[in-house]
**Q** 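This is the structure I have questions about; it appears just below.
For clarity, every value in this text was computed on a predicted model and none was experimentally measured. The chains referred to below are lettered A, B, ... by the order of the sequence lines, with proteins before strands, and numbering in each begins at 1.
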Amino acid sequence: MAKERRQITVLNPIVPLSFFQQDVLDVAPQLLGKYIVRKIKNESIRHIVTEVEAYRGEEDLACHASKGKTPRTRIMYLSGGHIYVYFVYGMYYMLNIVTAEEENPQAILIRGTNEVSGPSRLTRALQIDKTFNEKKLMPETGLWIEESGISLPYKTTPRIGVNYAKEWKNKLWRYVAL
DNA sequence: AGCAAGATCGGT
DNA sequence: CCGATCTTGCTG
């Protein structure tokens, strides 16, 4: 007689797209401690988000949308939960999550996890490139966010690499888990 | 069509 | 501190 086996696979709840459809300054700190999950073939890579930055609207000179709606920035005008990936310095992919409602251009740059430090290292580790651009955070995409039940304490600092952004460079919109 | 700058990283 | 490397948006 076969031994009875119960499959006790405790799944972390998937964070719904609606979570991202609120102001970026509310969403960004809440993202710390959550899992970012990347499924490649049969393997699921799970990192804990530890560092993010908020980019908020056309008036924010550090935000790409400060140039208005262009071929590149139109992704930021989609509803929260869309994925915005862009290419910089000729070699690096940056992963962002769009927030807020449609036509309100905001996004969160994911800068680091418990496994990697630096936004480009993250996309390298999770094998994320421009093919994810404009897709949504969901299992079908191969990239999504899961609840962890943990809310990490954090500090805020100015955003990195945006010294061109006049007074906006001083906004404390970088959130780093302690 | 040409140009300057960029939400970075790794090596001096 | 500096170079790599190429997309993007702006200028003309």
**Q** Answer yes or no for A:Lys166 and A:Trp168: cation-pi contact, defined as NZ/CZ to six-membered ring centre under 6.0 Å and angle to ring axis within 45°.
**A**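 Because its charged atom misses either the 6.0 Å distance or the 45° angle limit, A:Lys166 does not stack over A:Trp168.
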**Q** Do the side-chain N and O atoms of A:Tyr77 and A:Glu58 include a donor-acceptor pair separated by under 3.5 angstrom?
**A**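 Side-chain D/A pair, A:Tyr77 to A:Glu58: present.
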**Q** Round to a whole Å and report the spacing from CZ of A:Arg159 to P of B:dA7.
**A**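 From A:Arg159 CZ to B:dA7 P: 11 Å.
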**Q** Starting the side chain at C-beta, find the nucleotide from C:dA4, B:dA7, C:dC10 nearest to A:Lys67.
**A**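 The closest nucleotide is C:dC10.
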**Q** Ignoring the backbone of A:Tyr55, work out which of B:dC9, B:dA7, B:dG10 is nearest its side chain.
**A**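 Selected nucleotide: B:dA7.
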**Q** Measure distances between side-chain N and O atoms of A:Tyr86 and base N and O atoms of B:dA7, and say whether any donor-acceptor pair falls under 3.5 Å.
**A**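 Looking at the base of B:dA7, it does pair with a donor or acceptor on the side chain of A:Tyr86 (distance under 3.5 Å).
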**Q** Answer yes or no: does a side-chain N or O of A:Tyr164 lie under 4.0 Å from OP1 or OP2 of B:dA7?
**A**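 A:Tyr164 to B:dA7 OP1/OP2: side-chain N or O found under 4.0 Å.
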**Q** Hey, does the side chain of A:Ser117 reach the backbone of A:Gly112 with a donor-acceptor pair shorter than 3.5 angstrom?
**A**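 Checked: no pair found.
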**Q** Going from NZ on A:Lys34 to CZ on A:Phe19, what distance comes out if it is rounded to the nearest 0.5 angstrom?
**A**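 CZ of A:Phe19 is found 4.5 Å from NZ of A:Lys34.
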**Q** Take atom CZ of A:Arg56 and atom C1' of B:dA7, then tell me their distance rounded to the nearest Å.
**A**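 Checked: the CZ to C1' distance equals 18 Å.
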**Q** Let's test this: given Watson-Crick or G-U wobble pairing with both distances under 3.5 Å, identify the partner of C:dT5.
**A**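 Its partner: none found.
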**Q** In this structure, how many angstroms lie between the C1' atom of C:dC6 and the OH atom of A:Tyr93, rounded?
**A**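 The distance from OH of A:Tyr93 to C1' of C:dC6 comes to 10 Å, rounded to the nearest Å.
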**Q** Is there a side-chain contact between A:Ile97 and A:Leu31, using heavy atoms and a 4.5 Å cut-off?
**A**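 Answer yes - side chains close enough.
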**Q** Output the rounded distance in Å from CD (A:Glu51) to P (B:dA7).
**A**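 Going from CD in A:Glu51 over to P in B:dA7 covers 16 Å.
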**Q** Quick test of the criterion, 5.5 Å between centres and less than 30° between planes. Is A:Tyr89 stacked on B:dT8 or not?
**A**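 Taking the rule of under 5.5 Å and under 30°, the ring of A:Tyr89 does stack on B:dT8.
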**Q** If we call it a pair only when both distances are under 3.5 Å in a Watson-Crick or G-U wobble match, what pairs with B:dA7?
**A**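 Base-paired to nothing in any strand shown.
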**Q** Would you say A:Arg124 places a side-chain N or O within less than 4.0 Å of OP1 or OP2 belonging to B:dC9?
**A**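 No.
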**Q** With under 30° as parallel and over 60° as perpendicular, where do the rings of A:Tyr84 and A:His64 fit, or are they tilted in between?
**A**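 Perpendicular: the ring planes of A:Tyr84 and A:His64 meet at over 60°.
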**Q** Would you indicate which nucleotide in B:dC9, C:dT8, C:dG9 comes nearest to any side-chain atom of A:Lys130?
**A**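 The nucleotide sitting nearest to the side chain is C:dT8.
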**Q** Separation of A:Phe87 atom CZ from B:dA5 atom C1', in whole Å?
**A**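 From A:Phe87 CZ to B:dA5 C1': 15 Å.
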**Q** In whole angstrom, give the distance that lies between atom OH of A:Tyr92 and atom C1' of C:dG3.
**A**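 Distance check: A:Tyr92 OH to C:dG3 C1' gives 10 Å.
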**Q** In residues 22-33 of chain A, what residues come within less than 4.0 Å of DNA chain B, judged by heavy atoms?
**A**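 Result for residues 22-33 of chain A: none.
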**Q** Side chain of A:Met91 only, heavy atoms from C-beta on: which candidate in C:dG9, B:dT8, C:dA4 is closest?
**A**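 In terms of side-chain proximity for A:Met91, the closest of C:dG9, B:dT8, C:dA4 is C:dA4.
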**Q** Flag yes if A:Ile108 and A:Met94 sit in one hydrophobic cluster, no otherwise; membership is Ile, Leu, Val, Met, Phe, Trp, Tyr, and two members link when side-chain heavy atoms are under 4.5 Å apart.
**A**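 No, separate clusters.
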**Q** For the backbone of A:Gly33 and the side chain of A:Ser148, can you confirm whether one donor and one acceptor N or O come within less than 3.5 Å of each other?
**A**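 Yes, the answer is positive, given that a donor and an acceptor are paired below the 3.5 Å cut-off.
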**Q** Could you state the atom-to-atom distance from CD1 of A:Ile75 to P of C:dG9 in whole Å?
**A**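 Atom CD1 in A:Ile75 sits about 11 Å away from atom P in C:dG9.
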**Q** In whole Å, I'd like the distance from the NE2 atom of A:His64 to the P atom of C:dT7.
**A**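 Rounded to the whole Å, the gap is 15 Å.
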